[in-house]
Participant: 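Structure below; questions to follow.
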Amino acid sequence: MGTTIPLPSEGIVLGIETSCDETSAAVLRGSELASVIISSQLFHSKYGGVIPELASRAHLKTIIPVIEEALAQANVSVKELTAVAATNTPGLMGALLVGVNTAKGLALSLGIPLIGVHHIEAHIFSALLEAEKPELPFLALVVSGGHTMLVIVKAVGVYTVIGKTLDDAAGEAFDKVGKMLGLGYPAGPVVDRISKTGNPNFMRFPRPMIYETSYDFSFSGIKTSVLYYLRDHPEVITTHLNDVAASFQQAVVDVLVTKTIRAAKEFSIRDIVCVGGVSANTALRAALSEEASKTGRRFLTTRPMLSTDNAAMIAMLGALKLEQGLTDTLALSSQARSPLSTIQ
Ligand code: KG4
Ligand code: ZN
């Protein structure tokens, strides 16, 4: 049996997330999610990617209404808040500053603690927002638009990163291949949807590093292989779109699942947690769940809405850090980059 993570038992924490293209606020009462509002900046899709300056300006416009709505849905007045947490790293600098400065203003005016939260670390603890909770130590597969890593979580704040991507992140590969297939941006959810009616064995794309002893990943090779395949067989876009999408998705899923299960075995870890935007992927969830149970392990994740960027996970990690007395001063800075491995 593992060790239960001590959950925040009291207090009302407001979480704020503005690191990329979601403006989000959430209220956590004890360890229960009272509300979460996520406003996605859909206009970036016409540029094929997130435009940082436009993202900051949109956050600035929506952050206050989003917070007000989160408080209203939780039936909480701003004066009842006991702490405010905001993502301060990693992310787009201008976007981060909007959330952090809003949090500073609230902390100062209400006289409550301010907590800066690491976005990737928060994804890991999004799993605590569900009824079935992982026990320590657990293995976290973090798969987002910017990060892919395997992390052994020994306690809140104590991590060993055993593997990460050497090039593209898993979500980045989904988005780039989706773009080649003409599926818009972000393409991950669309690849997921159309793959359901596609044949994953239609074309065998490479599974880079799948049997290497290291737990690092590489996804750019799969992407390039899809690119060459489409160059040589342009007709498949009209005749076999869903089959190509499903075949690509299967290659990514095979690599992620094989390496995750092998790591869980090698380090004798029972609970496997999959978080981050790509963890919303139905094929990845199904495969991890099946392989985990085959080896007597538990597979845990969060509801798809909380797999992608949201403030509920920021409020959760903020509350956990508050329990440990890890609060920040108004001098809290924002950083575009900050590896998880530095917070051991
Ligand atoms: O965690 P997230 O919302 O933002 C970052 O922190 O990067 O992850 C966004 C990524 C995007 O690349 C998006 O295409 C991918 O998650 N994604 C998915 C699915 N839903 C979102 N990829 C595959 N299948 C999905 N269902
Ligand atoms: Zn994220």
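Atoms within a ligand are numbered from 1 in the order they appear, just like the ligands themselves.
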Participant: Applying side-chain hydrogen bond (donor to acceptor under 3.5 Å, both in side chains), which residue pairs with at least one partner in residues 190-212 are found, sequence neighbours left out?
Facilitator: Asp192-Thr282, Thr197-Asn242, Arg207-Asp254

Participant: Taking NZ in Lys179 as the centre, count heavy atoms belonging to other residues, nucleotides or ligands within less than 6.0 Å. Is the count above 12?
Facilitator: no

Participant: With a cut-off of 4.0 Å, which atoms of ligand 1 are near a heavy atom of Pro186?
Facilitator: 14 (O)

Participant: Can you confirm whether Glu32 is buried at CD, in the sense that more than 12 heavy atoms of other residues, nucleotides or ligands lie under 6.0 Å from that atom?
Facilitator: no

Participant: Any nitrogen or oxygen of Phe174, side chain or backbone, less than 3.5 Å from one on ligand 1?
Facilitator: no

Participant: Any N or O of Gly277 that comes nearer than 3.5 Å to an N or O of ligand 1?
Facilitator: yes

Participant: So which heavy atom in the protein is nearest atom 22 (N) of ligand 1, and how far is it from that ligand atom?
Facilitator: Gly188 CA, 3.4 Å

Participant: With a 4.5 Å cut-off on side-chain heavy atoms, are Lys176 and Asp168 touching?
Facilitator: yes

Participant: Within the 4.0 Å heavy-atom shell around Thr308, which atoms of ligand 1 are there?
Facilitator: 3 (O), 21 (C)

Participant: Which ligand 1 atoms, with their elements, are less than 4.0 angstrom from a heavy-atom of Gly146?
Facilitator: 7 (O)

Participant: Relative to the heavy atoms of Gly171, which atoms of ligand 1 are at a distance of less than 4.0 Å?
Facilitator: 12 (O)

Participant: So which protein heavy atom does atom 10 (C) of ligand 1 come closest to, and at what separation?
Facilitator: Gly145 N, 3.5 Å

Participant: Using heavy-atom distances, let me know which of Val190, Asp175, Val278, Val253 sits nearest atom 12 (O) of ligand 1.
Facilitator: Asp175

Participant: Evaluate the ring planes of Tyr215 and Phe267, with Trp represented by its six-membered ring, and classify them as parallel (under 30°), tilted (30 to 60°) or perpendicular (over 60°).
Facilitator: tilted

Participant: Please state which protein non-hydrogen atom is closest to atom 26 (N) of ligand 1 and give its distance, to 0.1 Å?
Facilitator: Asp192 OD2, 2.9 Å

Participant: Any Lys/Arg nitrogen of Asp271 or Arg297 sitting under 4.0 Å from an Asp/Glu carboxylate oxygen of the other?
Facilitator: no

Participant: Mind jotting down which residue pairs meet the side-chain hydrogen bond (donor to acceptor under 3.5 Å, both in side chains) criterion with at least one end in residues 93-115? Sequence neighbours excluded, please.
Facilitator: none

Participant: Does ligand 1 come near enough to His123 that some N or O of the ligand is less than 3.5 Å from an N or O of the residue?
Facilitator: yes

Participant: Does any N or O of ligand 1 fall below 3.5 Å from an N or O anywhere on His119, backbone included?
Facilitator: yes

Participant: Considering non-hydrogen atoms of the protein only, which is the closest contact for atom 3 (O) of ligand 1, and what is the distance?
Facilitator: Asp309 N, 3.0 Å

Participant: Are there over 12 heavy-atom neighbours, none belonging to Arg337, within less than 6.0 Å of that residue's CZ?
Facilitator: no

Participant: Among all protein heavy atoms, pick out the one at the shortest distance from atom 24 (N) of ligand 1; state its residue, atom name and that distance to 0.1 Å.
Facilitator: Asn281 ND2, 3.0 Å

Participant: Among residues two or more places apart or on two chains, list those pairs meeting side-chain hydrogen bond (donor to acceptor under 3.5 Å, both in side chains) that have a residue in residues 140-151.
Facilitator: none

Participant: Quick one: sort the Phe219 and Phe217 rings into parallel, tilted or perpendicular, breaks at 30° and 60°.
Facilitator: parallel

Participant: Among Ser338, Pro339, Pro90, exactly one meets side chain to side chain contact (heavy atoms under 4.5 Å, CB included) together with Ile120. Which residue is that?
Facilitator: Pro90

Participant: Return yes when atom CD of Glu10 has more than 12 non-hydrogen atoms of other residues, nucleotides or ligands closer than 6.0 Å, and no otherwise.
Facilitator: no

Participant: If we only look closer than 2.8 Å, how many protein N, O or S atoms does the Zn ion (ligand 2) have near it?
Facilitator: 3

Participant: Would you find a donor on one side and an acceptor on the other, under 3.5 Å apart, between the side chain of His59 and the backbone of Cys20?
Facilitator: yes

